[in-house]
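So the structure is just underneath, and the comments pick up after that.
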Amino acid sequence: MNKHQVMLDLPGWIDEVVDWTKSYTSDDEKMAVAVELSRQNVLRGTGGPFGSAIFDIASGKLVSVGVNRVMPLHNSTAHGEMMAIMLAEHKVQSFSLSADGVKRELFTSCEPCAMCLGGTLWSGVKRLVCAATAEDARAIGFDEGPVFDSSYAYLQQAGVEVVRLVQRDAANDVLQQYLGGGGTIYNG
C-alpha cells in the first residue's frame with residue numbers, strides 16, 4: 001500500500017440497486033434511491049445507515065451515488081454525501097458541480113452532519129433534499145456536530161434550495177433497523 005494514497009470506493013452491489021439509465025422525475029423517486037442505498041448498506045453490512053444520490057436537475061439523470069463507508073474504509077470522512085460528491089466531481093471532472101452551468105441536486109437519506117453540510121456548500125449543488133432529521137440520527141446515538149437552523153439559512157443565502165422531510169419515515173426506519181441490528185455508532 002502506498003502511504004501517500006487513499007482509496008475510497010463504494011460496495012460492489014451498487015449497480016444491482018441503482019438504475020443509471022432512468023430519468024427520475026419527482027423528489028419521491030429520487031429520495032427512494034437514497035433511502036434504498038442506505039437500507040441496502042445496512043442489510044448487506046457494508047457501512048452505516050446513510051445513502052445519497054446526486055441528480056442533474058434538468059434531465060433527472062443520476063450523476064453519482066454514495067453510501068456511508070466510514071467503518072469498512074477506516075475513514076471518518078467517508079460519509080454518504082461526501083462519497084456522492086467526490087464521485088460526481090470526478091465524473092464531471094470539476095471541483096464544482098455547477099461550474100459547467102449544469103444544475104445538480106443532492107438527495108440524502110438524513111440531514112447532513114456538519115462536515116457534509118459544508119461539503120454540500122462547497123460542492124456547487126443547487127439543491128439539497130433531506131429525508132430523516134438530524135434529531136432522528138441523534139436519537140440512535142450519532143453526533144451530527146454543530147449544525148443549526150442558521151446553517152441551513154446560510155446555504156439558502158448562498159443559492160442552495162433546501163427541502164426537508166421527504167420520505168422521513170422510510171429513512172428513519174433504516175436508522176432504527178441499524179440500531180436494532182446492533183450497528184456500530186462510531187462517533188457517539
Any donor-acceptor N/O pair, Ser123 side chain to Ile85 backbone, under 3.5 Å: no
Is any side-chain heavy atom of Pro49 closer than 4.5 Å to one of Phe142? yes
Assigning hydrophobic clusters by single linkage (Ile, Leu, Val, Met, Phe, Trp, Tyr; side-chain heavy-atom cutoff under 4.5 Å), is Ile54 placed with Ile57? no
Should Phe107 and Asp27 count as side-chain neighbours, where that means a heavy-atom distance under 4.5 Å? yes
What residue among Lys103, Lys126, Gln156, Arg127 forms side-chain hydrogen bond (donor to acceptor under 3.5 Å, both in side chains) with Glu161? Arg127
Evaluate the criterion side chain to side chain contact (heavy atoms under 4.5 Å, CB included) for residue pair Thr108 and Phe50; output intermediate values, then yes/no. CA-CA 8 Å; Thr108 185; Phe50 305 100; 5.9 Å; no
Any chance you could measure Ser52, atom OG, to Leu106, atom CG, to the nearest 0.5 Å? 5.5 Å
Salt bridge (Lys or Arg N to Asp or Glu O under 4.0 Å) between Arg104 and Glu89, intermediate numbers included: CA-CA 11 Å; Arg104 296 180 176 92; Glu89 289 173 345; over 6 Å; no
Pair Met83-Val67, side chain to side chain contact (heavy atoms under 4.5 Å, CB included): steps then yes or no: CA-CA 7 Å; Met83 295 293 291; Val67 292; over 6 Å; no
State, yes or no, whether a side-chain contact exists between Pro112 and Cys130 at a heavy-atom distance under 4.5 Å. yes
Could you state the interatomic distance from CD (Gln167) to OG (Ser109), rounded to the nearest 0.5 Å? 10.5 Å
Is there a donor-acceptor pair under 3.5 Å between the side chain of Ser151 and the backbone N or O of Val147? no
Has the side chain of Lys30 got a donor or acceptor atom that lies under 3.5 Å from a matching backbone atom of Phe55? no
Test item: Arg69 side-chain N/O and Gly80 main-chain N/O as donor-acceptor pair under 3.5 Å: no
Keeping the roles fixed (side chain from Thr133, backbone from Asp136), state whether a donor-acceptor pair exists under 3.5 Å. yes
Side chain to side chain contact (heavy atoms under 4.5 Å, CB included) between Val70 and Asn75, worked out: CA-CA 5 Å; Val70 169; Asn75 189 316; over 6 Å; no
Just how far is it from atom CG of Leu87 to atom CG of Leu10, taken to the nearest 0.5 Å? 5.0 Å
How about Asp149: does its CG atom have over 12 heavy atoms from other parts shown lying under 6.0 Å from it? no
Smallest heavy-atom separation, Ser59 atom then Asp56 atom, equals N-OD1, 3.0 Å
Let me check something: do Val102 and Val129 share a hydrophobic cluster, defined by ILVMFWY side-chain heavy atoms less than 4.5 Å apart, either directly or through other members? no
Any donor and acceptor pair, going by atom type alone, linking the side chain of Gln93 with main-chain N or O of His90 inside 3.5 Å? yes
Nearest heavy-atom contact between Leu97 and Asp100 is O-OD1, 4.2 Å
Donor-acceptor pair, distance only, cut-off 3.5 Å: does the side chain of Asn41 make one with the backbone of Asn68? yes
Within the distance-only criterion (no hydrogens, no angle test), does the side chain of Lys22 pair as donor or acceptor with the backbone N or O of Lys61 below 3.5 angstrom? no
Please lay out, stage by stage, how Arg164 and Glu111 fare under the test salt bridge (Lys or Arg N to Asp or Glu O under 4.0 Å). CA-CA 8 Å; Arg164 295 155 107 174; Glu111 290 176 343; 2.9 Å; yes
Separation between OH of Tyr152 and CG of Leu128, rounded to the nearest 0.5 Å: 6.5 Å
Please evaluate residues Met71 and Tyr186 with respect to the criterion side chain to side chain contact (heavy atoms under 4.5 Å, CB included), reporting the C-alpha separation (whole Å), side-chain torsions for both, the decisive distance (0.1 Å), and the verdict. CA-CA 8 Å; Met71 297 287 289; Tyr186 47 81; 3.7 Å; yes
With no hydrogens and no angle check, is any side-chain donor or acceptor of Ser26 less than 3.5 Å from a backbone partner on Glu29? yes
Using distance alone, with no hydrogens and no angle criterion, decide if Trp20 and Asp15 have a side-chain donor and acceptor under 3.5 Å apart. yes
Any side-chain heavy atom of Gln40 sitting closer than 4.5 Å to one from Leu43? yes
Minimum heavy-atom separation for Val125 to Val160, with atom names? O-CG2, 3.4 Å
Here the pair of heavy atoms bringing Ala84 nearest to Gly66 is CB-N, 3.7 Å
Side-chain heavy atoms nearer than 4.5 Å, only ILVMFWY residues, links allowed to pass through others: does that put Ile185 and Met115 together? yes
Rounded to the nearest 0.5 Å, what's the gap from CG on Leu62 to OH on Tyr24? Could you check? 5.5 Å
Please check this pair: side chain of Ser96 against backbone of Gly124, looking for a donor-acceptor N/O pair closer than 3.5 Å. no
Can you see which heavy atom on Gly119 is nearest to which on Met82, and at what distance? CA-SD, 4.2 Å
Check residues 170-178 and write down every donor-acceptor pair under 3.5 Å in which the side-chain atom is one partner and the other belongs to a residue at least two apart or another chain.
unit_1: Tyr178; atom_1: OH; unit_2: Thr184; atom_2: N; d: 3.1
unit_1: Tyr178; atom_1: OH; unit_2: Thr184; atom_2: O; d: 2.6

Is it possible for you to say whether Phe148 and Val162 belong to one hydrophobic cluster, with membership spreading through side-chain heavy-atom contacts below 4.5 Å? no
Atom OG1 in Thr77, atom CG in Leu8: separation rounded to 0.5 Å? 6.0 Å
Is it the case that atom CH2 in Trp122 sees more than 12 heavy atoms from other parts of the structure closer than 6.0 Å? no
